[in-house]
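Accompanying notes for the structure given below.
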Protein chains: 2
Amino acid sequence: MTDTIIDRCEAKGLRMTGQRRVIAQVMEDAKDHPDAEEIYARATTIDAAISLATVYRTVKLFDEIGILERLEFGDGRSRFEDADRPHHDHLFDLRTGEVIEFVDPEMEILQEKIARKLGYTLKGHKMELFGVPLDKDSDA
Amino acid sequence: MTDTIIDRCEAKGLRMTGQRRVIAQVMEDAKDHPDAEEIYARATTIDAAISLATVYRTVKLFDEIGILERLEFGDGRSRFEDADRPHHDHLFDLRTGEVIEFVDPEMEILQEKIARKLGYTLKGHKMELFGVPLDKDSDA
DNA sequence: GTACCTGCAAACTTTTTGCTACCGA
DNA sequence: TCGGTAGCAAAAAGTTTGCAGGTAC
């Protein structure tokens with residue numbers, strides 16, 4: 001659990017190229033939910049010799065083997081986060097695109113209960129709430 | 001509440017062209033969540049003189065004025081449904097792309113409570129659960 | 001009559017992929 | 001060594017848009 005992303009890649013037997021190490025480090029350091037373009041921007045500040053195609057290939061690979069988690073909020077871009085973090089849900093601000101993380105034990109239980117009732121098992125980012133700010137100008 | 005989509009378009013003062021009437025009728029009849037391509041396919045069986053661009057423009061317009069609701073499950077396509085229906089949430093089958101509707105009163109309350117606590121108001125399709133089927137071969 | 005709408009094709013955005021050269025184990 | 005990997009550019013897939021002609025009101 002205290003392993004870094006690079007440690008986990010090695011444990012999975014991935015060939016660790018310079019590019020993969022850089023992308024892994026960028027995601028290790030990320031405290032937010034960057035999309036491919038943003039990961040690319042951060043990666044190239046460490047090593048300019050990384051292409052956007054490699055970022056796409058790498059985050060796809062990392063997602064498939066469970067190193068990263070892909071988040072989709074319906075704005076056309078995938079965002080990514082370290083998959084090895086305590087469970088949490090996300091609220092997506094439709095106005096600004098900001099992602100707010102939260103944990104609610106009641107919600108955890110209810111999600112599972114509803115999914116079970118429908119014959120499903122939840123997977124990945126279990127829930128997304130789409131919200132607009134509670135301000136007086138809100139059209140919500 | 002018993003108004004048709006066409007009625008609501010007229011009430012909003014929209015210019016009702018033949019194409020808009022057809023698309024409105026397609027959505028009125030839809031019991032599922034068609035994407036633009038599917039709406040286009042259904043529309044052209046009624047009137048072949050409708051272009052995909054018009055479908056895109058029309059569903060975008062209808063969404064913006066609250067006639068239709070846009071659903072996004074992260075598979076790259078937007079799906080649409082009549083916005084004037086009792087509230088419900090969606091579960092999206094990651095394996096098949098199927099959309100399952102459900103209503104849970106506890107969930108309704110909890111959603112609002114969590115959003116409020118975070119300083120938000122929920123809007124649109126409030127919650128999406130992403131699930132995989134509960135079978136023994138499941139990798140969930 | 002006029003502002004709005006449509007079809008067509010081109011443009012755009014995000015993501016994937018074919019190909020050739022390269023590099024890690 | 002040699003199969004997986006990277007860069008580049010082209011392709012995909014979904015959606016939007018500029019323009020010229022057409023239509024609802």
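Just the heavy atoms: all of them, side chains too, but no hydrogens, waters or symmetry mates, feed the values below. In what follows, every chain begins at residue 1, and chains take the letters A, B, ... in the order their sequences are listed.
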For nucleotides 17-22 of chain D, print each protein N/O atom paired with a nucleotide N/O atom at under 3.5 Å, atom names and distance only.
unit_1	atom_1	unit_2	atom_2	d
D:dG18	O6	B:Arg57	NH1	3.4

Of all of residues 16-43 of chain A, which get a heavy atom below 4.0 angstrom from DNA chain D, listed by number? A:Thr17, A:Gln19, A:Arg20

Please report the distance, rounded to the nearest Å, between CG in B:Asp75 and P in D:dG14. 9 Å

Between B:Ser78 and D:dG14, is there a side-chain N or O to OP1/OP2 distance below 4.0 Å? no

Taking the basic N atoms (NZ, or NE/NH1/NH2) and the acidic carboxylate oxygens, is any pair closer than 4.0 Å for B:Lys31 and B:Asp82? no

Within residues 20-30 of chain A or reaching into it, pairs that qualify as salt bridge (Lys or Arg N to Asp or Glu O under 4.0 Å) - sequence neighbours excluded: A:Glu10-A:Arg21

How long is the gap from CG on A:Asp84 to CZ on A:Arg8, to the nearest 0.5 Å? 4.0 Å

If I take atom CD1 in residue A:Ile50 and atom P in nucleotide D:dT5, what distance separates them, rounded to the nearest angstrom? 15 Å

Separation of A:Leu14 atom CG from D:dT5 atom P, in whole Å? 7 Å

For A:Asp63 and C:dT15, what is the distance between atoms CG and P respectively, to the nearest whole Å? 12 Å

Taking atom C1' of D:dG14 as reference, at what distance in whole Å does atom CD of A:Glu72 sit? 14 Å

Rounded to whole angstrom units, what separation is found between the CD atom of A:Glu10 and the C1' atom of D:dG4? 17 Å

Going by distance alone, is a donor N or O of one side chain under 3.5 Å from an acceptor N or O of the other, for B:Glu81 and B:His88? yes

Basic-acidic side-chain contact under 4.0 Å: A:Lys113, A:Glu106: no

Just jot down the side-chain hydrogen bond (donor to acceptor under 3.5 Å, both in side chains) partners of A:Lys12, sequence neighbours excluded, or say none. none

Quick one: side-chain hydrogen bond (donor to acceptor under 3.5 Å, both in side chains) partners of A:Arg42, sequence neighbours excluded? A:Asp32, A:Glu38

Steps toward salt bridge (charged side-chain N to carboxylate O under 4.0 Å, His left out) verdict (B:Asp63, B:Arg70): CA-CA 6 Å; B:Asp63 171 43; B:Arg70 181 189 296 261; 3.5 Å; yes

For A:Arg77, all residues meeting side-chain hydrogen bond (donor to acceptor under 3.5 Å, both in side chains), sequence neighbours excluded: A:Asp35, A:Asp75

In this structure, how many angstroms lie between the C1' atom of C:dT13 and the CZ atom of A:Arg77, rounded? 10 Å

